[in-house]
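Everything below concerns the one structure shown next.
Numbering of ligands and ligand atoms starts at 1, following listing order.
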Amino acid sequence: MKDDVKKIFVEKFKTEPLIVRSPGRINIIGEHTDYNNGFVLPAAIDKAIYIAASKRDDYLISLHAANFNEDFTVKISEIAPSKQNWPNYILGIVDQLKKINKNITGFNAVVDGDVPLGAGLSSSAAVECATVFALNELFELQLDKMQMVKLAQAAEHAFAGVKVGIMDMFASMFGKKENVIKLDCRSLQYEYVPFHLPGIKIVLLNTNVKHSLASTEYNTRRKECEQGVEWIKENHPEVNSLRDATIEMLNTMVLPKDKLVYKRCRFIVEEIQRLLQACEDLKKDDVSALGKKMFATHDGLSKDYEVSCKELDFLVDAVRNNKNVFGARMMGGGFGGCTINLVKEEAVENLVEDVGNIYQKEMNLPLTAYIVSIEDGTSVLK
Ligand code: GLA
């Protein structure tokens with residue numbers, strides 16, 4: 001991959017590039033908790049976005065996306081969200097740099113990668129992190145990783161219009177081989193938790209359903225959670241997010257006002273608790289207990305938070321009573337993308353084949369499987 005992106009770059013721009021790799025991410029448990037100031041448990045994976053870049057002498061941004069075989073050129077002074085979509089994850093970063101007065105000149109870039117698009121593995125965050133990391137190096141902007149993560153999140157808000165939390169960028173940037181990151185999204189303190197479960201593989205099953213509803217529904221869920229917090233605040237002004245809320249508060253302050261908002265908020269409060277207990281399971285190497293919590297998370301996401309879809313539910317149900325599968329659930333924002341499964345190594349091949357066959361038959365869609373490993377976060381490739 002690295003050599004491919006370099007080759008394309010040199011052919012196109014006739015100069016040696018800087019190359020940055022920024023990975024996609026998984027999340028073991030803790031979904032939709034990041035924008036509620038809760039905890040998440042993500043990790044960077046062995047699928048990544050690669051960006052090759054060099055400075056220019058003028059003020060032009062000249063981009064090429066190898067995946068789409070498309071070019072895009074714009075003057076820095078004229079950048080705005082583009083209908084072409086993929087350039088937005090790069091332009092959004094430049095826009096944020098301008099806002100904090102990190103003025104850069106033009107640059108050339110080629111983007112390539114093997115993070116499947118629209119599969120819930122955060123290819124967009126990976127492009128943003130790769131871009132900000134590369135520009136930080138090229139133009140010696142002196143940004144630290146945390147600043148870059150926040151900038152990438154702001155870019156997504158402004159240029160993609162989705163009010164995402166911080167998890168995806170954080171995982172891509174701070175990932176560490178064989179570790180998951182227990183991130184407190186309120187304080188932004190984090191801890192690496194070793195994740196090496198002997199004999200167990202992390203298997204992602206891609207529904208191949210693109211999440212078209214995802215961005216509008218995502219923003220709606222965020223508002224529903226904020227509404228719940230507002231109602232609690234009437235009696236408990238100290239509560240600033242669902243992280244600070246209890247089920248009892250929800251029962252007294254939210255349930256009487258709106259059942260739907262109550263369901264959403266209850267899921268979040270339970271999910272934050274579940275994650276903390278899952279971390280204890282991990283410390284004890286208790287995969288069965290962890291796996292059960294993953295199924296519980298799925299059920300909450302499907303029935304209470306309502307961000308699943310029939311294909312995701314089908315895939316989770318297909319493995320629910322399989323003794324070789326410890327846990328499974330939908331992963332990421334929802335409405336499509338992948339399920340994450342913890343599967344006994346010797347059973348992976350048959351499982352993928354069997355589930356693939358019934359999925360194709362019942363849902364009339366192909367199933368794609370990825371066996372992923374946990375790798376380091378964003379870095380320059382020498
Ligand atoms: C998307 C968002 C994240 C997070 C997840 C759900 O991936 O980008 O910030 O909210 O959905 O956990």
Side-chain angles (χ1 to χ4, degrees), residues 22-45 47 49 88-89 92 115-129 149-175 180-186 188 190 204 206-207 210-226 241-243 264-265 267-272 274-275 278 293-294 297-298 300-302 304-309 312 329-340:
S22 199
R25 65 103 189 88
I26 52 170
N27 185 27
I28 303 297
I29 200 162
E31 218 64 90
H32 288 271
T33 44
D34 59 354
Y35 55 86
N36 286 300
N37 275 348
F39 292 88
V40 287
L41 202 61
I45 57 173
K47 295 191 174 297
I49 295 293
N88 289 337
Y89 303 101
V115 189
L117 305 178
L121 304 184
S122 297
S123 52
S124 50
V127 175
E128 288 152 352
C129 288
V149 163
K150 288 183 180 166
L151 211 132
Q153 185 191 16
E156 178 106 10
H157 288 189
F159 267 51
V162 193
K163 296 272 284 169
V164 293
I166 203 163
M167 168 170 75
D168 304 346
M169 294 80 189
F170 197 95
S172 187
M173 191 67 81
F174 283 90
V180 292
I181 313 170
K182 180 182 173 192
L183 169 65
D184 179 337
C185 300
R186 181 168 65 189
L188 294 182
Y190 61 99
L204 308 181
N206 189 351
T207 57
K210 295 268 185 293
H211 35 223
S212 60
L213 263 180
S215 47
T216 42
E217 288 295 319
Y218 188 93
N219 291 343
T220 306
R221 292 299 173 281
R222 222 185 145 124
K223 286 211 187 86
E224 288 164 344
C225 294
E226 283 161 9
S241 66
L242 289 178
R243 166 72 175 278
R264 306 290 196 240
C265 296
F267 166 76
I268 298 296
V269 172
E270 287 171 352
E271 180 70 354
I272 294 172
R274 213 169 5 242
L275 181 145
K293 293 189 179 66
M294 291 169 71
T297 290
H298 182 80
L301 287 166
S302 176
D304 291 339
Y305 216 62
E306 296 183 276
V307 291
S308 187
C309 61
L312 285 167
R329 62 177 198 83
M330 59 149 280
M331 190 178 70
F335 301 101
C338 291
T339 62
I340 176 170

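In this structure, R329 pairs ionically with E31, as a charged nitrogen and a carboxylate oxygen lie closer than 4.0 Å. Taking the charged nitrogens against the carboxylate oxygens, E226 and K223 have no contact shorter than 4.0 Å, which rules out a salt bridge.
Nearest heavy-atom pair, A171 versus R25, reported as atom, atom and distance to 0.1 Å: CB-CB, 3.8 Å.
Every residue two or more places apart in sequence or in another chain was checked for a side chain to side chain donor-acceptor pair (under 3.5 Å) with Y89, and none qualifies.
Closer than 4.0 angstrom to ligand 1 sit non-hydrogen atoms from R25, E31, H32, D34, Y35, V164, G165, M167, D168, Y218, G332, G333.
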Apply salt bridge (Lys or Arg N to Asp or Glu O under 4.0 Å) to R264 and E306, showing your working. CA-CA 8 Å; R264 306 290 196 240; E306 296 183 276; 2.9 Å; yes
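Exactly one residue among S122, S123, S124, S172 makes a side-chain contact (heavy atoms from CB on, under 4.5 Å) with V115. That residue is S123.
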